[in-house]
Amino acid sequence: MSAQDDIAAVEQVMARARAAQRAYEADGSQERYDRAAQAAAWAIMEPARNRALAELSVATTGLGNVADKITKNHRKTLGLMRDIAKARTHGVIRDDPATGITEIARPIGVIGAVVPSTNPGATPANNIINALKCGNAIVLSPSPKGVPTCERLLEHIHAEFDKIGLDHDLVQMVPAPGSKAKTQRMLELSDLVVVTGSQDNVRRAYTCGTPAIGVGAGNVTVIVDETADLAAAAARIAASKTFDNATSCSSENAVVVVDAVYDAFVAALAEEGGALVPESAAPGIVERLWPDGHLNREVIAKDAARMIEALDLAPEAPPNTRFVAVETRGIGPDHPLSGEKLSLVLALYRASDFEDASSIVARILSHQGAGHSVGLHSAEDTRARHLAETLPTCRVIVNQPHAFATGGAFNNGMPFSLSMGCGSWGGNSIDDNLHWRHFLQTTKIVREISPQEPTLDEVFAGYWQVAGQ
């Protein structure tokens with residue numbers, strides 16, 4: 001097929017999506033939109049299909065592990081369905097007599113979504129459910145390795161659509177095999193673009209001419225201070241770091257520990273399967289983790305045994321090793337351990353005190369990960385406030401497993417999502433978790449009300465007392 005034929009195929013997909021969306025909206029109701037979202041959710045959550053999607057994902061991408069993919073597919077989708085259960089996305093959603101404004105929900109149209117290979121089932125499902133809940137159609141552009149899982153997910157969704165009389169064309173993907181040219185044309189023809197994945201894709205989305213929502217790079221850094229429950233902190237960090245073999249952008253990449261508890265915390269990490277690599281051995285880890293300047297594919301999101309073998313750690317790693325913590329002090333482009341590692345490798349920094357730890361985190365974020373999130377294990381809540389007021393970050397996660405908490409959890413108030421906006425610090429248009437409200441627009445009916453014009457004295461009295469007239 002020629003390049004021209006490829007583009008024509010994308011244009012046909014987009015045209016079918018637009019026709020399906022118009023019909024969906026014309027016959028729209030809250031019940032219809034809710035049923036569509038439920039259909040897409042059950043397509044991935046039904047246990048047999050969930051397991052098959054998880055197995056296919058690991059087999060075709062080589063990333064993560066089946067058990068955690070199953071958990072992620074289930075819990076992320078269940079949490080999203082909880083979040084949107086009572087959300088009004090059709091008809092009048094606000095009517096305020098005091099302002100005279102009535103707000104009416106309106107679909108955006110056709111959503112174009114670029115999704116990564118790290119979560120080839122959960123991320124597309126999340127976007128699809130949000131799009132359908134708000135009356136939209138959606139076209140996906142998966143990464144090349146994520147194509148088989150995305151295709152299978154769409155088969156399951158279409159099977160559920162058949163049960164409730166919905167058009168398959170509401171949920172489609174760019175014809176395989178994917179290409180930059182195909183994705184680019186999809187971006188151009190969409191009404192809204194949502195991009196999760198590489199920063200190259202985010203930049204392309206922001207320059208495609210279509211309104212776009214992109215997410216920033218992760219490089220989560222966590223502080224453990226002298227007031228922390230060290231055993232609990234180690235257990236939380238280990239659970240988060242090892243979940244799905246660190247495929248999440250919210251997995252810890254660096255832990256900064258204050259000197260007063262450093263040795264005790266290292267011992268607590270060891271109890272959780274964290275093998276310490278001393279600073280003297282760090283150069284060898286760097287050489288094997290980035291053998292040609294790029295992350296070693298034999299390490300990225302691989303099980304601990306393969307990671308240990310690829311990094312030649314077998315002689316030193318205890319039998320119970322689940323991840324490794326590499327002591328380091330360097331930060332910046334010449335010190336790759338200070339960046340995202342997408343593996344069961346954690347950078348470990350020693351700080352003299354909390355102030356020094358905050359400074360180290362700031363330097364790491366200035367190198368990579370600004371805007372995403374930081375973690376704090378501490379009994380001093382005022383320290384969370386300090387980090388939130390001084391660091392370039394959109395989230396401060398306190399005393400929680402970072403990868404579980406950042407994207408929404410049943411025991412915190414964050415929206416369930418697999419896409420974290422990073423604000424201006426991360427070059428993004430949003431600073432919160434991508435959620436259903438980003439897939440909806442509104443029309444306002446504006447009526448005349450009684451005038452509410454203030455006097456100059458009401459506005460400026462306080463200022464005039466200070467500065468004079």
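Keep in mind that what you see is a predicted model, and the values were worked out from it rather than measured.
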Run the salt-bridge test on Glu160 and Lys163 with the 4.0 Å N-O cut-off and return the result as yes or no. yes
Stepwise side-chain contact (heavy atoms from CB on, under 4.5 Å) test for Thr247 and Asn119: CA-CA 8 Å; Thr247 56; Asn119 295 305; 4.3 Å; yes
Is a donor on one side and an acceptor on the other found under 3.5 Å between the side chain of Tyr24 and the backbone of Asp167? no
Pairs touching residues 128-158 that satisfy ring pair (Phe, Tyr, Trp, His ring centres under 6.0 Å), sequence neighbours left out: His158-His168
Is a side-chain donor or acceptor of Asp303 paired with a backbone partner of Ala305 at a separation under 3.5 angstrom? no
Which pair of heavy atoms, one from Thr328 and one from Ala347, lies closest together, and at what distance? CG2-CB, 4.0 Å
Trace of the side-chain contact (heavy atoms from CB on, under 4.5 Å) decision for Asp312 with Arg288: CA-CA 8 Å; Asp312 195 22; Arg288 291 186 286 275; 3.7 Å; yes
Under a 3.5 Å distance rule, please check whether Lys86 uses its side chain to pair with a backbone N or O of Ile84 as donor and acceptor. no
Surrounding CZ of Arg32 (heavy atoms of other residues, nucleotides or ligands, distance under 6.0 Å), is the total greater than 12? yes
Kindly compute the distance separating CD1 (Ile213) from CD1 (Ile430), expressed to the nearest 0.5 Å. 5.0 Å
Specify the closest pair of heavy atoms between Ala314 and Ile308, including all atoms of both residues, with the distance to one decimal. N-CG2, 3.5 Å
Should we count CD of Glu287 as having more than 12 external heavy atoms under 6.0 Å? no
Do Pro415 and Trp436 have side chains that get closer than 4.5 Å, going by heavy atoms? no
So do Ile397 and Phe404 actually touch side chain to side chain, heavy atoms under 4.5 Å? no
Sub-4.5 Å side-chain heavy-atom contact between His372 and Asn219: no
Those residues at least two apart in sequence (or on a different chain) that pass ring-ring contact (aromatic ring centres under 6.0 Å, His included) with Phe416 are Phe410
Given side chains that start at C-beta, do those of Leu187 and Gln184 come closer than 4.5 Å, heavy atoms only? yes
Less than 4.5 Å apart, any side-chain heavy atom of Glu11 and any of Met186? no
Check the pair Met307 / Val324 against side-chain contact (heavy atoms from CB on, under 4.5 Å), numbers first and verdict last. CA-CA 9 Å; Met307 178 268 295; Val324 297; 4.2 Å; yes
How about Arg106 and Glu25: do any of their side-chain heavy atoms sit closer than 4.5 Å? yes
Is there a donor-acceptor pair under 3.5 Å between the side chain of Ser251 and the backbone N or O of Ala403? no
How about Arg204 and Asn201: do any of their side-chain heavy atoms sit closer than 4.5 Å? yes
What's the spacing between Leu337 CG and Leu346 CG if we round to 0.5 Å? 10.0 Å
Are any side-chain N or O atoms of Lys72 and backbone N or O atoms of Ala67, one a donor and one an acceptor, separated by less than 3.5 Å? no
Has the side chain of Lys182 got a donor or acceptor atom that lies under 3.5 Å from a matching backbone atom of Pro177? yes
Minimal heavy-atom distance between Pro124 and Pro120, with the atoms involved, is CG-O, 3.2 Å
Residue among Pro142, Ser141, Ser143 satisfying side chain to side chain contact (heavy atoms under 4.5 Å, CB included) with Thr183: Ser141
Ignoring hydrogens and geometry beyond distance, is a side-chain donor-acceptor pair present between Thr196 and Ser419 at under 3.5 Å? yes
Kindly check if the number of other-residue, nucleotide or ligand heavy atoms within 6.0 Å of CD (Glu309) is above 12? no
So does Glu188 pair up with Arg185, basic N to acidic O under 4.0 Å? yes
For Lys444, is the NZ atom crowded, meaning more than 12 foreign heavy atoms sit under 6.0 Å from it? yes
Please determine, by modelled atom types, if Gln38 and Arg35 share a side-chain donor-acceptor pair under 3.5 angstrom. yes
For Arg437, look at atom CZ and say whether over 12 heavy atoms of other residues, nucleotides or ligands are found less than 6.0 Å away. yes
Working note: Val147 + Met173, criterion side-chain contact (heavy atoms from CB on, under 4.5 Å); need CA distance, chi angles, decisive distance, verdict. CA-CA 9 Å; Val147 166; Met173 61 178 280; 4.0 Å; yes
Here the pair of heavy atoms bringing Glu340 nearest to Leu295 is O-CD1, 4.2 Å
Please tabulate, one pair per line, all N/O donor-acceptor pairs under 3.5 Å involving side-chain atoms of residues 109-117, not counting sequence neighbours.
none

If I take atom CG from residue Leu434 and atom OG1 from residue Thr123, how far apart are they, to the nearest 0.5 angstrom? 10.0 Å
Measure from the side-chain N and O atoms of Lys76 to the backbone N and O of Ser417, and report whether any donor-acceptor pair falls under 3.5 Å. yes
If you measure from the Lys or Arg side-chain nitrogens to the Asp or Glu carboxylate oxygens, is any gap between Glu389 and Arg385 under 4.0 Å? yes
Pair listing, ring pair (Phe, Tyr, Trp, His ring centres under 6.0 Å) test, anchored in residues 35-93, at least two apart: Tyr33-His90
With sequence neighbours left out, what residues match Ala41 under side chain to side chain contact (heavy atoms under 4.5 Å, CB included)? Thr77, Met81, Ile129
Can you find a heavy atom in the side chain of Val171 that is under 4.5 Å from one in the side chain of Leu166? no
If you round to the nearest 0.5 Å, how far is NZ of Lys241 from OG of Ser248? 10.0 Å
Which atoms form the tightest heavy-atom contact between Asn245 and Lys302, and what is the distance? ND2-C, 3.2 Å
May I ask you to decide if Phe439's main-chain N or O and Asn136's side chain share a donor-acceptor pair within less than 3.5 Å? yes
Using modelled atom types only, decide if a donor and an acceptor are shared between the side chain of Ser57 and the backbone of Leu53 within a distance under 3.5 Å. no
Distance only, no hydrogens: is a donor on one side chain within 3.5 Å (strictly under) of an acceptor on the other, for Arg447 and Thr102? yes
Search all heavy atoms of Ala39 against all heavy atoms of Ile164 and return the closest pair with its distance. CB-CD1, 3.9 Å
For Asp169, salt bridge (charged side-chain N to carboxylate O under 4.0 Å, His left out) partners two or more places apart: Arg16
Drop me the distance from Leu311's CG to Ile285's CD1, to the nearest 0.5 angstrom. 5.0 Å
Whether the side chain of Arg297 engages the backbone of Gly62 through a donor-acceptor N/O pair (distance < 3.5 Å, no angle test) should be reported. no
Rounded to the nearest 0.5 Å, how far apart are CG of Leu391 and CG of Leu376? 10.5 Å
